[in-house]
Amino acid sequence: MGIKTVFKWSKQITPVQVEKLIRAEKDLQKAILVFDSATAEYGNGFRHDHSTFGIMISKLLFANQFRPAEQMLQRMKEEKCNIVEDIFLSICRAYGRVHRPLDAIRIFHRMNEFDCTPTEKSYITVFAILVEENQLKVAMRFYNYMKEMGVSPTVVSLNILIKALCKNSGTIDAAFKIFHEMPNRGCNPDSYTYGTLINGLCRLGKICEAKELFKEMGAKGCSPSVVTYTSLINGLCQSKNTDEAMELLEDMKSKGIEPNVFTYSSLMDGLCKAGRSSEAIELLEIMVKKRHKPNMITYSTLISGLCKEKKLPEAVEMLDKMKIQGIKPDAALYGKIINMFCEIHKFREAANFLDEMILGRISPNRLTWGLHVSTNNAVVRGLCTDKDRNRAFQMYLSMRSRGISVESETYDTLLKCFCSKGDLQKAARVFDERVTDGCVPEWETWSQIVRGFCSGSEVWKASESLVIELVVNSV
């Protein structure tokens, strides 16, 4: 298939003009057509340069089109176009973004193949990607490789190394050893160094040590960032020092450091766990006024806290706010609301929320599947006791169609409900499906079934049930 010309280019077509058009094009396929159309002008003396190739590679990477992006590198080499370091690093970062750090290393090692010598910037970029993706063993090997290649330690590279060592309790002492040695290497710790160590201590529950380091940071003239404040606030909340965390919030605001959504979410989590959901909602209102958009974590924290305090109307209201903002609740959040309705015996409302989940195609994951099964069964049983047997039957059929296991207690409840009301057709169907599933009723349930069929002048069906029982028990 030949190149499709989409533009009538002027005789003075330039790389700047082509780059501008590609950059403005949001549709990838149209951007490719612009690029190819310019290529068709090679016969008129035009040549792509590193800027047009670079913007096209960026477009491909943004769309996760990695193979075509790498093919562009080969084409640049064939056309003797200068390939700058930043083009390689853009590919490395893109692989890091999609959690493919080993491909980032592969691209790094291909630089020499294209006569592009990596500088300290390239080494540090790849090292940071490996640490960010928790490829710690590979990262340490790469760090040693950096030293072998004569890359001298800098504050930036040592900060990344410290971040790697702060990832677990077994290596955090080594992180502090490097921290204390930094001045001897001519690299004084900066705010990022302190912030990384404080975050590591907080994640390991070493709050006292984190607080001491925070004080030292101020004494050394290193200003804490919003990330450092948030790390310490989160650590204090996790260790149930919520009041101290709130004081730290006021401290950061007094110094002109604006809290972000993670700061507020950490505090809300601490307040909710302490049974102070009303204060958490006040923080939400402040956060919204500051034009910080609540995220999934924010709403999950608040809804969980409200459910814990049995504040069901407020929890439902928060779920509605979440949906209005365009954030889709997950199955776990719906489950909390549904279980709350079940606890106060409002099973019809619980069923409505289950229907909403189904219509919204919200499914639980493997971790929450067991809880989802229990919730569905509880709602069906509740509808039976709430004298809404038709709704219970519909929910039962829905469970079976969605592959949700029906518990023995749910079968018993349905059968007793239908038999006591003389709804023998539904009872017969539930009974038949129960036996098919290999779930034999208890004696009390058998008695209820027989009495139900006999009272309905359908003794033959009762006899048929007894025959099935004998057959099943003899297998």
Side-chain angles (χ1 to χ4, degrees), residues 85-86 88-90 92-93 95-97 99 101-102 104-105 108 118-207 209-235 252 255 257 260 262-263 266:
E85 182 181 33
D86 283 343
F88 283 98
L89 294 186
S90 67
C92 290
R93 292 190 189 100
Y95 274 126
R97 173 173 51 79
H99 312 297
L102 300 184
I105 293 180
F108 169 81
T119 66
E120 178 187 298
K121 180 180 177 181
S122 294
Y123 285 98
I124 289 176
T125 298
V126 174
F127 183 37
I129 290 170
L130 293 170
V131 172
E132 192 64 34
E133 292 302 310
N134 288 316
Q135 294 284 336
L136 303 183
K137 289 183 178 179
V138 181
M140 295 310 296
R141 287 200 297 269
F142 190 81
Y143 181 74
N144 290 329
Y145 172 70
M146 287 170 62
K147 291 194 294 184
E148 290 172 10
M149 298 302 293
V151 180
S152 301
T154 62
V155 174
V156 176
S157 62
L158 290 175
N159 281 345
I160 298 169
L161 179 59
I162 286 171
K163 184 177 182 179
L165 296 170
C166 282
K167 293 279 186 177
N168 60 67
S169 58
T171 55
I172 195 165
D173 288 341
F176 272 94
K177 183 178 179 181
I178 292 170
F179 167 68
H180 292 305
E181 290 176 354
M182 283 179 72
N184 297 329
R185 299 187 186 188
C187 303
N188 289 322
D190 58 11
S191 295
Y192 189 89
T193 319
Y194 279 100
T196 301
L197 288 164
I198 289 168
N199 182 52
L201 290 169
C202 288
R203 284 192 299 101
L204 297 172
K206 299 182 177 185
I207 306 303
E209 292 94 325
K211 286 162 63 177
E212 286 300 316
L213 197 60
F214 186 79
K215 290 177 183 176
E216 180 186 320
M217 180 180 186
K220 292 288 179 70
C222 292
S223 300
S225 66
V226 62
V227 175
T228 307
Y229 269 108
T230 300
S231 296
L232 190 51
I233 285 172
N234 184 61
M252 70 182 290
K255 292 177 179 175
I257 300 173
N260 60 25
F262 301 105
T263 317
S266 295

Item to complete: Evaluate the side-chain contact (heavy atoms from CB on, under 4.5 Å) criterion for residues Val126 and Leu130: first the C-alpha distance (whole Å), next the side-chain angles of each, then the deciding distance (0.1 Å), finally the verdict.
Response: CA-CA 6 Å; Val126 174; Leu130 293 170; 4.3 Å; yes

Rounded to the nearest 0.5 Å, what separates atom [atom1] in [X] from atom [atom2] in [Y]?
{"X": "Leu201", "Y": "Leu213", "atom1": "CG", "atom2": "CG", "answer": "6.5 Å"}
{"X": "Ile160", "Y": "Leu165", "atom1": "CD1", "atom2": "CG", "answer": "12.0 Å"}
{"X": "Ile198", "Y": "Thr196", "atom1": "CD1", "atom2": "OG1", "answer": "9.0 Å"}
{"X": "Lys177", "Y": "Ile162", "atom1": "NZ", "atom2": "CD1", "answer": "13.0 Å"}
{"X": "Leu158", "Y": "Glu181", "atom1": "CG", "atom2": "CD", "answer": "9.5 Å"}

Item to complete: Decide side chain to side chain donor-acceptor pair (under 3.5 Å) for Asn260 and Thr263; before the verdict, give the C-alpha distance in whole Å, the side-chain angles of both, and the deciding distance to 0.1 Å.
Response: CA-CA 5 Å; Asn260 60 25; Thr263 317; 2.8 Å; yes

Which heavy atom of [X] sits nearest a heavy atom of [Y], and at what distance?
{"X": "Ser122", "Y": "Pro118", "value": "CB-CB, 3.8 Å"}
{"X": "Cys187", "Y": "Val155", "value": "CB-CG2, 3.6 Å"}
{"X": "Leu197", "Y": "Cys166", "value": "CD2-SG, 3.7 Å"}
{"X": "Lys167", "Y": "Arg203", "value": "CA-NH2, 3.5 Å"}
{"X": "Gln135", "Y": "Pro101", "value": "CG-CG, 3.6 Å"}
{"X": "Ser152", "Y": "Glu120", "value": "O-OE1, 4.4 Å"}

Worksheet item: Do you see a donor-acceptor pair shorter than 3.5 Å between the side chains of Asn234 and Ser231?
Response: no

Is there a side-chain contact between [X] and [Y], using heavy atoms and a 4.5 Å cut-off?
{"X": "Thr154", "Y": "Ile124", "value": "yes"}
{"X": "Leu204", "Y": "Glu209", "value": "no"}
{"X": "Asn159", "Y": "Met182", "value": "yes"}

Discussion item. Set out, in order, the CA-CA distance, both residues' side-chain angles and the distance that settles side-chain contact (heavy atoms from CB on, under 4.5 Å) for Val151 and Ser157, then state yes or no.
Written reply: CA-CA 10 Å; Val151 180; Ser157 62; over 6 Å; no

Practice prompt. Hey, can you tell me if Phe176 and Phe179 have their rings parallel, tilted or perpendicular (30° and 60° cut-offs)?
Written response: perpendicular

Item to complete: Return yes if some donor-acceptor pair links the side-chain N/O of Glu85 with the main-chain N/O of Thr119 below 3.5 Å, else return no.
Response: yes

Worksheet item: Do Lys220 and Asn188 pass the side-chain contact (heavy atoms from CB on, under 4.5 Å) test, and can you show the C-alpha distance, the side-chain angles, and the key distance before you say yes or no?
Response: CA-CA 10 Å; Lys220 292 288 179 70; Asn188 289 322; over 6 Å; no

Practice prompt. Check the pair Lys163 / Asn199 against side-chain contact (heavy atoms from CB on, under 4.5 Å), numbers first and verdict last.
Written response: CA-CA 9 Å; Lys163 184 177 182 179; Asn199 182 52; over 6 Å; no

Worksheet entry | Residue pair Asp190, Thr193: steps toward the side chain to side chain donor-acceptor pair (under 3.5 Å) verdict | CA-CA 5 Å; Asp190 58 11; Thr193 319; 2.8 Å; yes

Worksheet entry | Positive for ring pair (Phe, Tyr, Trp, His ring centres under 6.0 Å) with Phe108, one of Phe127, Tyr95, Phe142 | Phe142

Discussion item. Just to verify, which of Phe214, Tyr194, Phe262 counts as forming a ring pair (Phe, Tyr, Trp, His ring centres under 6.0 Å) with Tyr229?
Written reply: Phe214

